[in-house]
Amino acid sequence: MEQEKKGIQSIELGFSILKEVSRADKPLTITEISKLSNMPKGQLYRYLISLCKVGALEKDSDLRYSLGKEMVTMGVFAMQKTDITAKAFPYIKKLNERLNETVALAIWVEDEGPLIVEWEESKKPINLNIRPGTLVELTTTAAGRIFATYLPEEKTETIIQKELEKKLIDQVKLESILAFVKKENYAYTSEYLSGISAIAAPVFDYKKELIAVLYIVGLTEALDISKESTAVRELIITARELSEQLGYS
């Protein structure tokens with residue numbers, strides 16, 4: 001019986017390392033992880049190599065470690081079972097069936113940006129390499145521009161600055177776009193992927209805080225992104241209905 005209670009120690013140690021990295025508010029050096037996990041550097045180094053190999057951790061150019069994309073993806077599947085996704089799905093489905101366009105839901109991941117957590121395909125012949133678990137840009141995508149407009153500046157400024165430095169968009173154009181979003185309560189883009197357009201609207205919770213973004217992706221030739229269009233009107237109405245379901249008033 002005692003033998004049955006024993007687990008695999010290496011898995012337990014690896015998980016303890018992941019917990020320490022996930023709880024930190026910044027990437028950690030091997031010295032910092034060693035102190036937090038009470039593990040000698042020589043032993044810890046081997047674990048870090050394996051955890052990076054499987055995508056559970058990532059090492060940056062300064063030799064600091066943070067959670068990797070595989071851990072983010074696993075978190076996405078867990079989040080799909082949470083309240084916002086469960087409550088949003090009927091609205092996503094309804095919009096998808098009404099417009100026959102691909103409809104998605106994105107949430108905000110601290111220090112990472114907009115993350116797709118739900119994706120309902122249209123019946124049209126459109127193939128996008130975007131699925132639940134995909135992180136998208138903040139300044140060049142419709143969903144990202146909603147977050148950039150409605151989230152507190154301290155949450156978005158670092159990511160925005162990085163994207164400006166990469167010259168994904170210039171400051172003046174971005175400010176003009178965010179002013180439009182604030183005024184019209186929706187965002188659009190037709191420049192992120194060639195031949196593809198998207199529109200997005202904010203979803204608020206009972207605290208009047210942005211909790212998610214509902215958005216539609218379609219072929220540029222078929223998806224009308226003007227504010228008078230049926231797609232934009234239906235999107236805004238559906239996002240408002242979902243917000244009310246979450247207690248927004």
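All residue numbers in this chain count up from 1 along the given sequence.
In this structure, CD in Glu184 is found 8.0 Å from CD1 in Ile236, a value given to the nearest 0.5 Å. The CD1 atom of Ile216 lies 4.0 Å from the CD1 atom of Ile199; values are rounded to the nearest 0.5 Å. Rounding to the nearest 0.5 Å gives a distance of 9.5 Å between CG of Leu151 and CD1 of Ile159.
Heavy atoms only, all atoms of each residue included: Ile84 and Ile211 are closest at CD1-CG2, 4.2 Å. In terms of heavy-atom proximity, Ala142 sits nearest to Ala198 at CB-O, 3.7 Å. The shortest non-hydrogen separation linking Leu223 to Ser197 is CD2-O, 3.6 Å. Residues Asp170 and Leu164 share a closest heavy-atom pair of C-CD2, 3.9 Å. Here the closest non-hydrogen pair linking Val181 and Tyr150 is O-OH, 3.5 Å. Nearest approach of Val21 to Leu67, heavy atoms of both residues: CG1-N, 3.9 Å.
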Which is it for Ile30 and Leu63 under the side chain to side chain contact (heavy atoms under 4.5 Å, CB included) test, yes or no, and what are the steps along the way? CA-CA 8 Å; Ile30 188 171; Leu63 305 182; over 6 Å; no
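Side-chain contact, Glu175 with Gln171: a donor N or O sits under 3.5 Å from an acceptor N or O.
For Thr158, the side chain to side chain donor-acceptor pair (under 3.5 Å) test picks out no residue, with sequence neighbours left out. Not a single side chain to side chain donor-acceptor pair (under 3.5 Å) links Ser176 to another residue, sequence neighbours left out.
Using cut-offs of 30° and 60° on the angle between ring planes, the pair Trp108 and Phe147 is tilted.
Contact annotation: the side chain of Pro202 approaches that of Asn185 to within less than 4.5 Å [non-hydrogen atoms, C-beta and beyond].
A continuous path of Ile, Leu, Val, Met, Phe, Trp and Tyr side chains, each step under 4.5 Å between heavy atoms, connects Ile49 with Leu18, placing both in one hydrophobic cluster.
Between Glu137 and Lys166 there is no salt bridge, since no side-chain N of the basic residue sits under 4.0 Å from a carboxylate O of the acidic one.
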